[in-house]
Amino acid sequence: MLKRTHTCGDLRKENVGQKVTLNGWVKNWRDHGGLIFIDLRDRYGVTQIVFNPQTNHENYEKAQALRSEFVIAVSGTVHVRPEGSANPALSTGEIEVAVDQLEILNPSKTTPFEIKDNIDVKEELKLTYRYLDLRRDELQNNLLLRSRLYSVVRNYMHANRFVEIETPVLMKSTPEGARDFLVPSRNYHGRFYALPQSPQTYKQILMVSGFDRYFQIVKCFRDEDLRKDRQPEFTQIDIEMSFVDENDVMSVSENLVKAIYKEIKNTDIDFDFPRMTYEQALMEYGSDKPDTRFDLKIQHFTSVFESGGFKTFARIAQEGGVVAGLKIADDGSYGRAKIDRLNDRVKSQGGPGLAWFRMNSGNLEGPIVKFLGESEKEELKKQANLQDNDLLFLLGGEKEKTLQILGNLRLHLAEQLGLIDENKDTFLWVVDFPMLEYDEDEKRYAARHHPFTSPQPADMDRLESEPASVRARAYDLVINGNEIAGGSIRIHRRDLQQRVFRMLNISDEEAEHKFGFLMGALEYGAPPHGGIAFGFDRLVMMLTGARSIRDVIAFPKTSSALSLMDGAPSTVSDAQLRELGLIAIKKDN
RNA sequence: GGUCCGGUAGUUCAAUUUGGUUAGAGCACCUGCCUGUCACGCAGGAAGUUGCGAGUUCGAGUCUCGUCCGGACCGCCA
């Protein structure tokens with residue numbers, strides 16, 4: 001074949017007169033009868049090539065067969081384009097290649113969708129023909145940026161004396177947390193490996209081994225349902241450090257993020273990332289990952305309704321719940337129907353009815369105004385600082401749940417009202433997380449982060465007496481309302497680890513069975529250590545502006561966890577199952 | 001596991017609130033013409049199991065039920 005001397009993004013005026021060879025795909029063809037133009041594409045760019053029957057009639061005849069997405073090789077001479085026919089939209093737009101040799105390397109069937117940007121095609125079709133979708137600039141650019149990000153991260157980590165170590169993909173199942181993907185063992189029927197939810201235990205053990213500063217860009221697997229920012233397999237930048245406290249890990253992380261923004265976006269971040277406690281995040285933003293690109297904070301009115309005429313709110317207030325809400329300036333578009341849709345939204349998230357008030361010429365209006373006394377109305381107006389045309393949405397109920405629903409409503413309203421400045425980036429550390437959260441289904445407390453997270457020293461004496469009040473030495477990095485990284489200072493002593501397992505209602509036997517290897521390691525001079533893990537795919541989403549995690553992963557799964565291109569997961573032969581000692585049971589639908 | 005939205009030529013959509021003649025259009029595709037286009041242009045053409053399966057009806061793209069697939073969300077994601 002004719003091998004390329006240049007890529008389709010290389011040639012400029014300076015190359016005029018040179019004899020060159022290009023390889024690429026036919027992006028577009030324009031047959032003028034006496035002259036054929038082809039836009040030839042590779043991942044570097046697009047170059048126009050011209051077939052002229054007077055230059056070479058045989059080639060010209062051959063070129064008439066060219067269609068979209070044929071792969072070809074052409075040799076020819078670089079020409080300046082005639083006066084007035086340059087294309088300023090192309091970096092190669094001042095030149096073209098006059099072809100004197102054409103080789104069709106492979107024809108192409110008509111593609112199921114056009115290979116161009118801003119196409120509007122069903123996700124299903126794009127995923128089935130992923131190799132075609134990946135030819136589009138948008139996805140190419142995403143993956144090229146992703147590739148650069150690997151490099152930036154590795155450079156930064158190596159420059160800061162971190163050691164890159166691979167940990168096993170086949171490991172022991174530790175079913176605290178997410179559901180494991182299991183891999184049956186052929187050698188030991190009835191036993192299973194698990195794919196790592198994260199290399200957590202391995203990296204802690206590497207600290208025990210003295211590796212001091214570890215990192216890895218690593219695949220993690222969680223068998224849970226998907227979202228637009230969640231895939232069952234995803235990539236983390238996994239980091240662990242010895243002889244450190246929270247500030248050391250956060251500082252390394254901040255500087256990594258700053259290096260990334262500098263290298264990828266050429267943006268200097270010259271401030272320290274602000275910190276916010278979990279409590280404040282929940283109270284003001286209804287989220288543990290507040291989007292601080294806009295204000296619209298949650299306002300609290302529990303005390304206003306405590307002894308008032310609206311019995312529902314009064315009862316909630318007296319029983320320790322909250323009454324809180326969001327105030328927006330209505331541009332006149334919030335009619336009854338729109339408010340009803342907001343209400344449906346709240347209800348679909350398990351919330352109660354959404355109460356609302358409107359300020360109209362100094363008067364408070366709304367369906368529950370009639371239950372309120374004069375002093376309550378005045379107090380509400382005053383505390384909410386209600387001005388004319390302000391709309392106030394209120395929700396009452398159990399604290400955490402109510403605030404979370406308001407947090408979701410806050411994001412929704414911000415989108416509706418166009419409050420989010422897409423060009424702004426906000427960085428935030430959320431700290432002082434509670435150690436535990438209550439698991440309604442299992443009626444017990446579970447670790448909010450993971451069971452190896454150290455409690456805060458000040459709360460240590462309440463581990464047994466008041467576990468719900470114990471805060472963790474954990475920290476999350478939030479960028480534009482996305483949880484980008486999360487980590488903690490770990491427990492490095494066996495006795496404390498054992499106390500925490502007991503606090504989590506994990507018996508000594510169970511702890512030994514599941515995590516005995518880790519606790520054993522803690523008994524041999526485990527140094528104080530802590531770390532963090534970044535969601536690599538989410539970082540790429542942030543940096544590319546991708547709307548879905550599928551757009552930053554080469555071969556993603558659908559929201560029902562299927563791979564449409566290759567058909568995974570698939571059935572396997574009885575022989576394969578027999579070898580593994582397995583029997584497949586069909587799911588009865 | 002649940003809720004909502006969607007599935008009609010290759011593709012993106014349409015098909016009169018309320019079931020009724022031969023299911024239309026843009027792009028793509030095919031044929032012909034065209035020497036400066038780059039969203040080339042002009043003329044013509046082909047293209048449909050309305051996701052699948054039942055049901056209601058004289059009659060179903062349209063209504064009902066089931067099912068599959070895509071998407072978003074809730075649960076889940078230590």
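Within every chain, numbering begins at 1; the chains are lettered A, B, ... in the order of the sequence lines, protein sequences first and strands thereafter.
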Identify every side-chain donor-acceptor pair in residues 410-418 of chain A under 3.5 Å, counting partners at least two apart or on other chains, and give the distances.
residue	atom	partner	partner atom	Å
A:Arg410	NE	A:Asp295	O	3.3
A:Arg410	NE	A:Leu296	O	2.9
A:Arg410	NH1	A:Asp291	O	3.3
A:Arg410	NH2	A:Asp291	O	2.9
A:Arg410	NH2	A:Phe294	O	2.9
A:Arg410	NH2	A:Asp295	O	2.8
A:His412	ND1	A:Arg345	NE	3.4
A:His412	NE2	A:Gln416	NE2	3.3
A:Gln416	OE1	A:Tyr334	OH	2.5

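Nucleotide B:A25 is matched to B:U12 when pairs are restricted to Watson-Crick or G-U wobble geometry with both distances under 3.5 angstrom. Base pairing of B:C38 is not made with any nucleotide, judged by Watson-Crick or G-U wobble geometry with both donor-acceptor distances under 3.5 Å. Taking a pair to require two hydrogen-bonding distances under 3.5 Å in either a Watson-Crick or a G-U wobble arrangement, B:C4 pairs with B:G71.
Separating the P atom of B:A43 from that of B:A28 is a span of 14 Å, rounded to the nearest Å.
Here the closest heavy-atom approach between residue A:Pro199 and residue A:Asp238 is recorded as CG-OD2, 3.5 Å. Annotation for A:Leu428 and A:Pro290: closest pair CD2-CG, 3.7 Å, computed over non-hydrogen atoms. Heavy atoms only, all atoms of each residue included: A:Pro556 and A:Leu127 are closest at CG-CD2, 3.8 Å. Minimum heavy-atom separation, A:Gly486 to A:Asp476: CA-OD1, 3.3 Å.
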I would like to know whether A:Gln48 and A:Ile38 meet side chain to side chain contact (heavy atoms under 4.5 Å, CB included); could you show each step before the answer? CA-CA 6 Å; A:Gln48 175 166 283; A:Ile38 302 280; over 6 Å; no
Can you check nucleotides 24-28 of chain B for protein contacts, nitrogen or oxygen pairs under 3.5 Å, and list what you find?
residue	atom	partner	partner atom	Å
B:C27	O2'	A:Glu114	OE2	2.9

Check: protein-nucleotides 73-75 of chain B nitrogen or oxygen pairs below 3.5 Å:
residue	atom	partner	partner atom	Å
B:C74	OP2	A:Arg227	NE	3.3
B:G75	N7	A:Arg227	NH2	2.8
B:G75	O6	A:Arg227	NH1	3.0
B:G75	O6	A:Arg227	NH2	3.1
B:G75	N1	A:Asp225	OD2	2.6
B:G75	N2	A:Asp225	OD2	3.2

Atom pairs, N/O to N/O, protein against nucleotides 40-42 of chain B, distance under 3.5 Å?
residue	atom	partner	partner atom	Å
B:C40	OP1	A:Asn28	ND2	3.2
B:C40	OP2	A:Asn28	ND2	2.3
B:C40	N4	A:Asp31	O	2.6

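Note on A:Ser198: a base of the nucleic acid sits closer than 4.0 angstrom, heavy atoms only. Note on A:Gln48: a base of the nucleic acid sits closer than 4.0 angstrom, heavy atoms only. At the heavy-atom level, A:Ile119 lies nowhere under 4.0 Å from the strands shown.
Here B:G10 presents its P atom at 18 Å from CG of A:Asp120, a figure rounded to the nearest Å. Here B:A72 presents its P atom at 13 Å from CD of A:Glu415, a figure rounded to the nearest Å.
Checked against side-chain contact (heavy atoms from CB on, under 4.5 Å), A:Lys557 has the following partners two or more places apart in sequence or in another chain: A:Leu226, A:Gln231, A:Pro232, A:Glu233, A:Ser563. For A:Tyr193, the side-chain contact (heavy atoms from CB on, under 4.5 Å) test picks out A:Leu170, A:Val183, A:Ser185, with sequence neighbours left out. Shown here are the salt bridge (Lys or Arg N to Asp or Glu O under 4.0 Å) partners of A:Arg30, two or more places apart in sequence or in another chain: A:Asp39. Under the rule for a side-chain contact (heavy atoms from CB on, under 4.5 Å), the partners of A:Glu69 that lie at least two apart in sequence or sit in another chain are A:Trp25, A:Arg41, A:Ser108, A:Thr111, A:Ile115, A:Arg135. Taking A:Asn343 as the reference, A:Lys347, A:Leu354 meet the side-chain contact (heavy atoms from CB on, under 4.5 Å) condition, with sequence neighbours excluded.
Residue pairs that meet the ring pair (Phe, Tyr, Trp, His ring centres under 6.0 Å) test with at least one member in residues 479-512 of chain A, sequence neighbours left out, are A:Phe501-A:Phe515. Sorted by first then second residue, the ring pair (Phe, Tyr, Trp, His ring centres under 6.0 Å) pairs that include residues 35-56 of chain A, not counting sequence neighbours, are A:His32-A:Phe37.
For the pair A:Phe452 and A:Thr558, both in contact range of RNA chain B, the more 5′-proximal nearest nucleotide belongs to A:Thr558. Map A:Glu83 and A:Thr174 each onto its nearest nucleotide of RNA chain B; the residue landing nearer the 5' end is A:Glu83.
Note on A:Arg67: a side-chain N or O is less than 4.0 Å away from OP1 or OP2 of B:C30. Under 4.0 angstrom from either OP1 or OP2 of B:U8 there lies at least one side-chain N or O belonging to A:Lys122.
Results of the salt bridge (charged side-chain N to carboxylate O under 4.0 Å, His left out) test with A:Glu246 over A:Arg471, A:Arg473, A:Arg490 single out A:Arg473 as the only residue that passes.
Proximity of residues 531-539 of chain A to RNA chain B (heavy atom under 4.0 angstrom from any strand atom) is not detected for any residue.
In terms of polar N and O atoms assigned as donor or acceptor, the side chain of A:Glu96 comes within less than 3.5 Å of the base of B:G36 in a complementary pairing.
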